Structure formats: structure tokens, C-alpha cells
Amino acid sequence: MIISDTLAIFYDRATSDPLQIDGHTAWGAFWNLETNTASPIRLVSDSFCASGSYLSNGTMISVGGHNSSIPAAKDGRMGLRILEPCLDPTGANCTVFDNPEVLHLVETRWYPSSLRLFDGSVMISGGIHEATPFYNTDPVNNYEFFPPKDGGVPRPSPILARSGPANMFPRTIGLPDGKVFIAAGNQTIIYDVEKNTETILPDIPNGVKVTNPFDGTAALLPLSPPHYTPEILVCGGTNSSDQTPSMQLSAQDPASDQCSRMTLTPEGIKRGWQLERMLEGRVMPEMILMPNGQVLIINGAQTGYAAFASVAGNIGDSNSDHPAFTPSLYSPDAPLGGRISNHGLPTSDIPRIYHSTATLTPTGNILVAGSNPHGGIVNNTKYPSEFRVEYLNPPYMTVDRPKLSNVPKKVAYNAKFHMDISVPKGLSLKNIKVALMDLGFSTHAFHSSSLLVFMDAQLSKDGKTLTVTSPPNNRVYPPGPAYIFLTVDDVTSTGVRVMMGSGAPPPVPDQGVPL
């Protein structure tokens with residue numbers, strides 16, 4: 001997860017990683033985006049397979065984790081780790097508060113999801129109580145919140161109760177009316193947080209399932225004024241039956257190439273899912289929103305499943321095989337059948353399968369890291385524990401780029417604000433996009449809280465200043481940190497970090513005007 005202009009935070013498993021702190025392995029690190037070096041973080045609980053999000057005051061939380069087998073780490077399944085905003089660009093003076101005896105979740109959760117909400121709090125969904133080899137046989141079929149709601153009592157979740165056993169890391173996505181889209185297995189709903197009710201949506205077609213260990217991925221396509229109409233895109237996964245014993249599945253079972261898209265309006269829901277095909281099947285892919293409105297599909301494998309050493313024919317522990325080395329771009333506005341292409345995209349030679357990650361960075365390139373289909377550090381195998389970090393540089397990284405300056409530190413809702421721009425010669429000022437983005441928390445083929453909202457912008461007569469209209473309210477974009485990117489003629493600037501809203505701690509009242 002990106003936590004500043006210069007730092008990403010990596011949470012890992014308390015095992016035998018080479019990075020050390022206090023005489024034992026470190027299972028967390030700050031990654032310096034400028035020096036490409038890792039600095040260990042002092043953690044107490046095992047953060048393996050946790051999730052995370054921002055609060056409205058800019059605090060980043062990590063939730064859930066693993067029951068560690070090493071003495072240095074405490075049980076992390078009720079973990080609630082707090083990283084307050086830190087201005088140190090190196091991370092040397094940034095610390096994570098991690099004391100499960102003082103602050104913890106209500107439920108034990110391994111493989112949960114997290115989501116920023118409109119009131120600045122975080123919704124924590126699902127997971128598993130105790131580690132099992134493959135399926136979710138000890139499910140956490142409820143939601144809880146931080147800060148707590150309902151007196152701290154978790155809310156039962158009907159969709160989680162009926163969608164198992166392949167429903168870990170449910171895909172939870174905030175919608176512009178404050179409700180939440182949820183995919184679990186191949187079932188989908190809209191959850192009303194305020195009323196605690198479900199609206200059942202059409203199942204993902206053809207029996208395709210998209211949550212762990214049958215991981216596909218999901219994203220909310222970019223929102224645009226004036227209507228901010230929500231469209232969900234779900235890609236990859238598998239149509240294997242989750243009633244099949246895991247050892248009757250195979251690392252050679254083909255992954256799904258299906259992408260399913262639905263507009264979440266009454267008319268769109270009635271029409272149902274619109275189908276298209278990726279260039280290859282992918283299990284464990286990531287989808288990353290790009291500032292120009294395209295969606296990058298990256299990582300994953302063309303056959304098999306998530307997890308390790310739990311299906312037939314695994315490859316030195318890996319439940320998957322045939323890595324998808326070449327990313328694709330999805331263009332939402334292109335005609336059906338012509339939206340997905342890998343033309344001109346580079347091919348990596350590093351497999352990025354189970355436990356891989358990727359994220360857009362503030363500079364506009366893509367950080368790609370990880371891959372470890374093992375229970376510890378394993379080398380000398382086809383798919384070893386991977387410590388190399390790569391960057392995928394879009395074409396705009398090698399040309400003169402627009403620049404933003406004098407951007408306000410805080411932005412109110414439904415307000416006009418000004419920012420200065422510098423645009424290189426040769427770029428047309430008639431083609432300008434201003435994107436407000438949450439870069440998300442990447443884990444297990446899903447970008448929790450990832451969001452892109454386009455903002456209306458008017459250019460001054462001298463071409464040097466933009467007057468931008470912010471989102472109408474805190475449901476379209478939740479209060480808290482954001483990045484603003486400017487794209488001119490498909491050339492994107494470096495992002496500038498802002499605070500949406502007042503920066504007050506949650507819960508915060510509604511702000512702005514209704515849609």
C-alpha cells in the first residue's frame with residue numbers, strides 16, 4: 001500500500017525472511033520508492049494475509065492476520081495495526097502501533113477484506129477463524145467496523161454464510177451512494193451499511209467464482225460527473241466447483257478468461273452481466289485503475305488456484321502454473337470485443353502468482369513485487385520465494401509530462417479549487433482529465449478501496465490554471481487521503497497527495513450535497 005509520495009508499506013508473514021529487526025526476522029517493511037530499499041518495521045503480531053485501508057484522518061490500519069508459529073510474533077488474527085500519518089520521507093521515524101492486548105478486532109480473521117466507508121470508518125468483512133489447507137471451513141460470516149459500530153457487535157452476513165467455501169477475501173467495493181458491492185464465490189449483492197440489508201444481484205455468469213482460493217479480481221470502473229454511474233468489472237477466477245475436494249483439483253485446471261461487467265442502476269441490473277474475454281485465462285490477477293481511465297490487468301497464472309500444496313499436481317508447492325507474464329489494458333469506453341489489448345506492453349520473466357502484489361505509485365508507474373506459493377522461504381524450485389521488485393513504466397514515463405503545482409492540501413466536497421499546471425509543447429489542452437484516486441491496498445488479487453473519480457476542470461485563458469470541481473459528497477469519494485493526477489493527451493503527471501474533507505477522525509457526518 002502506498003502511504004506517502006516516497007514510501008510503500010509491505011506486510012508479510014512472520015517466518016524466515018532475510019530482513020531482520022531486533023535479532024529476528026522482520027515481517028513488515030517500508031519500501032522507499034526513490035532508493036528502492038527496504039527498512040524493517042517493528043511489529044508485534046503476525047500480519048500475514050491481512051488487509052488494510054485509510055481512515056478519514058489519514059491513519060492507515062492493517063486488520064487481521066495469521067497465528068504465527070515463530071516465538072517472536074503474537075497471534076495476528078485479531079490484529080489491528082495503526083500507522084498514523086508520517087511526514088518522514090525515509091520512514092525512519094514512522095512507527096506502527098501494534099499491541100493486540102490493547103487494541104484488537106472483535107473476531108479472529110485470517111483472509112479478511114477491508115473497505116473505506118463514507119463516514120471515514122473501515123468495514124472489515126469475512127475471513128477464516130483457523131487456518132485450513134484450502135477451503136474456508138471455519139468461516140467468519142460477519143462484518144465489523146473500525147471504529148466499532150453497533151456497540152462492537154459484528155453484523156451477520158447472509159452472503160458470506162451462503163457463498164462458501166471459496167469465499168475468503170470477499171470483494172467489497174464502495175459505491176457512490178454509500179452502499180457496498182460485495183462478490184463472494186460467484187454471488188453478488190449490494191449491502192446497505194446504514195440499513196444493514198442486502199439486495200441480491202445476478203450471480204457471476206457461467207459458474208465463475210472470484211474469491212479465494214478461486215481468485216479472480218474486481219474493480220469499480222472510473223466514476224464521472226455528473227451522474228457518477230457505478231459499473232463493476234469482475235475478471236478471471238475459475239468455474240471449477242467449490243464442492244470438489246481440493247486434491248481432485250489440479251494445478252493444470254484452466255483459469256477463466258471471463259470478464260463480467262454490470263451497471264449498478266435498476267436498468268443495468270435488469271440487463272445483467274455483459275461478458276467479454278481476456279486474452280488468456282487468469283487466476284490471481286490484479287486490476288489497477290490508471291489515471292487516464294484505463295484498467296491494467298496484471299499478474300496471476302493461466303492454470304490452477306491460489307494457496308499452496310493443496311491440489312493435485314502442484315508444482316513444488318504451487319497450486320498454479322503457466323504464469324501470465326504479459327499485462328493487458330482494459331479500455332472501458334471502447335466497443336465490446338475491442339476493450340482488451342496487450343499491444344506494446346512489456347513481458348516480464350518473473351512469475352507473479354500466489355502472494356504477488358502490484359500498485360500504481362505516485363510517480364505514475366506500477367510497482368510489482370512478491371510471489372511465494374510456499375509456507376516459508378523456498379528457493380531452487382520452479383516458483384521460488386520472490387524478493388525482486390519490478391516497475392512497469394507506461395509510455396508517459398519517458399516523455400515530458402504535465403506538472404501540477406499549488407494544489408491545496410485539503411479539498412472540501414462540492415467545491416471549486418484551483419491548481420496551476422505546466423503542459424509540455426505538443427500536447428493538446430483540449431484533452432484534459434483530472435483524476436482523484438485511492439491507490440488501494442493490494443493483497444490476494446484484489447485492490448481494497450481502489451477508486452478513481454474524474455473531476456470537472458476548466459482551463460484558464462492563459463492555459464496555466466485549472467479550476468476543478470470536487471466530488472459532490474463524501475459518498476462519491478470517502479473522506480481521507482487521495483491523489484490527484486492530471487492527464488493531457490494520454491500523458492499523465494506525477495500525482496499530488498491531498499486530504500479530502502477536514503481530516504477529522506471517524507465517524508464524520510455527511511458533507512457536500514446529495515447526488
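Side chains included, hydrogens not; waters and symmetry mates left out as well; all remaining heavy atoms used. Being a predicted model, the structure only gives us computed values, none of them experimental. Each residue takes its place number in the sequence, starting with 1.
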- Interatomic distance, CG@Leu221 vs OH@Tyr330, rounded to 0.5 Å, equals 6.0 Å

- Query: When you check the gap from the basic side-chain N to the acidic O, do Lys464 and Asp462 get nearer than 4.0 Å?
  - Reply: no

- Check Ala457 against Leu466 and note the closest heavy-atom contact, atom names and distance. CB-CD2, 4.1 Å

- Which heavy-atom pair separates Ser39 from Leu19 by the least distance, and what is that distance? C-CD2, 4.3 Å

- Under a 4.5 Å cut-off applied to non-hydrogen side-chain atoms, are His447 and Phe441 in contact? no

- Just by modelled atom types, is the Ala415 backbone N or O under 3.5 Å from a matching donor or acceptor in the Ser470 side chain? yes

- Message: Arg497 vs Asp5, test: salt bridge (charged side-chain N to carboxylate O under 4.0 Å, His left out). Steps then yes/no.
- Response: CA-CA 7 Å; Arg497 188 179 175 97; Asp5 294 347; 5.8 Å; no

- Side chains of Asn372 and Ser385: do they bring a donor and an acceptor to under 3.5 Å? yes

- Return the orientation label for the His355 and His444 ring planes: parallel under 30°, perpendicular over 60°, tilted otherwise. perpendicular

- Can you check whether Ser502's main-chain N or O pairs, donor with acceptor, with Lys410's side chain at less than 3.5 Å? yes

- Query: Closest heavy-atom contact between Val63 and Ile124?
  - Reply: CG1-CD1, 3.9 Å

- Message: Please report the interatomic distance CG(Asn292) to CG(Asp490), rounded to the nearest 0.5 Å.
- Response: 4.5 Å

- Query: For Arg277, does the CZ atom sit with more than 12 other heavy atoms under 6.0 Å from it, leaving out its own atoms?
  - Reply: yes

- Task: Determine, for Tyr396 and Arg401, whether the Lys NZ or Arg CZ falls below 6.0 Å from the six-membered ring centre while staying within 45 degrees of the axis.
- Result: no

- Criterion ring-ring contact (aromatic ring centres under 6.0 Å, His included) on Phe48 and Tyr11, from CA distance to verdict: CA-CA 7 Å; Phe48 184 52; Tyr11 285 110; over 10 Å; no

- Item | Working for side-chain contact (heavy atoms from CB on, under 4.5 Å), residues Val491 and Val399 | CA-CA 8 Å; Val491 179; Val399 300; 4.0 Å; yes

- Message: Donor-acceptor pair, distance only, cut-off 3.5 Å: does the side chain of Thr90 make one with the backbone of Ala92?
- Response: yes

- Message: Does either side chain, that of Glu386 or that of Ser356, offer a donor lying less than 3.5 Å from an acceptor on the other one?
- Response: no

- Item | Test ring-ring contact (aromatic ring centres under 6.0 Å, His included) applied to Tyr111 and Phe169, step by step | CA-CA 5 Å; Tyr111 285 59; Phe169 285 112; 4.9 Å; yes

- Item | Thr263 side chain to Thr265 side chain, donor-acceptor N/O pair below 3.5 angstrom | no

- Message: Whether Asp510 and Arg475 form a salt bridge (side-chain N of Lys/Arg under 4.0 Å from carboxylate O of Asp/Glu) is what I want to check.
- Response: yes

- Spatial distance of atom OH (Tyr54) from atom CD1 (Ile3) [nearest 0.5 Å]: 6.5 Å

- Message: Using a strict threshold of under 4.0 Å (side-chain N to carboxylate O), is an ion pair present between Asp215 and Arg171?
- Response: yes

- Item | Cationic N near anionic O, under 4.0 Å, Glu390 to Arg352 | yes

- Message: For Thr35, is there any backbone N or O sitting under 3.5 Å from a side-chain donor or acceptor partner on Asn32?
- Response: yes

- Query: Judged by modelled atom types alone, do Asp46 and His66 share a side-chain donor-acceptor pair under 3.5 Å?
  - Reply: yes

- Start with the C-alpha gap between Leu264 and Glu231, add the side-chain angles, then the distance that decides, and say whether side-chain contact (heavy atoms from CB on, under 4.5 Å) holds. CA-CA 6 Å; Leu264 296 185; Glu231 292 187 89; over 6 Å; no

- Task: Going by the side-chain hydrogen bond (donor to acceptor under 3.5 Å, both in side chains) test, name the single residue among Thr467, Asn406, Thr465 that passes it with His418.
- Result: Thr467

- Query: Does a donor on one side chain sit under 3.5 Å from an acceptor on the other, for Ser45 and Asp98?
  - Reply: yes

- Query: Does Asp88 reach the main-chain N or O of Asn93 with its side chain, forming a donor-acceptor pair under 3.5 Å?
  - Reply: yes

- Atom pair CZ (Arg81) and CD1 (Ile41), whose distance is rounded to the nearest 0.5 Å: 11.0 Å

- Query: With distance as the sole criterion, is a donor-acceptor pair present between the side chains of Ser53 and Ser114 under 3.5 Å?
  - Reply: yes

- Mind checking whether Trp273 and Phe181 have parallel, tilted or perpendicular rings, split at 30° and 60°? perpendicular

- Message: Run the side-chain contact (heavy atoms from CB on, under 4.5 Å) test on Gln274 and Leu336 for me, step by step, so that the C-alpha distance in whole Å, both residues' side-chain angles and the decisive distance to 0.1 Å come before the verdict.
- Response: CA-CA 9 Å; Gln274 182 185 66; Leu336 181 66; 3.9 Å; yes

- Task: Start with the C-alpha distance between Lys403 and Ser493, add both sets of side-chain angles, then the distance that settles side-chain hydrogen bond (donor to acceptor under 3.5 Å, both in side chains), and finish with yes or no.
- Result: CA-CA 6 Å; Lys403 293 182 176 63; Ser493 71; over 6 Å; no

- Item | Carboxylate-amine/guanidinium proximity below 4.0 Å for Glu280 and Arg282 | yes

- May I have the step-by-step check of side-chain contact (heavy atoms from CB on, under 4.5 Å) for Ile288 and Val295, ending in yes or no? CA-CA 6 Å; Ile288 298 174; Val295 182; over 6 Å; no

- Check the pair Lys149, Glu144 against salt bridge (charged side-chain N to carboxylate O under 4.0 Å, His left out), reporting the backbone distance first and the verdict last. CA-CA 7 Å; Lys149 302 183 189 297; Glu144 64 177 283; over 6 Å; no

- Asn473 versus Asn414, side-chain donor and acceptor atoms under 3.5 Å: no

- For atom CG of Leu87, is the number of surrounding heavy atoms from other residues, nucleotides or ligands below 6.0 Å larger than 12? no

- What pair of heavy atoms forms the shortest contact from Asp17 to Ala26, and how long is it? CB-O, 4.0 Å

- Message: For Gly440, is there any backbone N or O sitting under 3.5 Å from a side-chain donor or acceptor partner on Arg116?
- Response: no

- Message: Would you say Asp438 and Tyr483 are linked by a side-chain donor-acceptor pair, where the criterion is simply a distance under 3.5 Å?
- Response: no

- Query: Looking only at heavy atoms, what is the nearest atom pair of Phe446 and Thr172, with distance?
  - Reply: CZ-O, 3.4 Å

- List the atom of Leu289, the atom of Pro222, and the distance in Å for their closest heavy-atom pair. CD2-CD, 4.4 Å

- Is there a donor-acceptor contact under 3.5 Å linking the side chains of Ser260 and Gln258? yes

- Do the side chain of Asn474 and the main chain of Phe118 share a donor and acceptor less than 3.5 angstrom apart? yes

- CZ/Arg339 to OG/Ser328 distance, rounded to the nearest 0.5 angstrom? 15.0 Å

- Message: Would you say Thr59 and Glu84 are linked by a side-chain donor-acceptor pair, where the criterion is simply a distance under 3.5 Å?
- Response: no

- Message: A quick test of your reading: do over 12 heavy atoms of other residues, nucleotides or ligands sit less than 6.0 Å from CG of Asp400?
- Response: no

- Query: Under the 3.5 angstrom rule, does the side chain of Thr361 hit a backbone N or O of Ile366 as a donor-acceptor pair?
  - Reply: no

- What distance separates Met437 CE from Phe454 CZ, expressed to the nearest 0.5 Å? 8.5 Å

- Message: Could you tell me if Ser125 and Ser113 have a donor-acceptor pair between their side chains, going purely by distance under 3.5 Å?
- Response: no

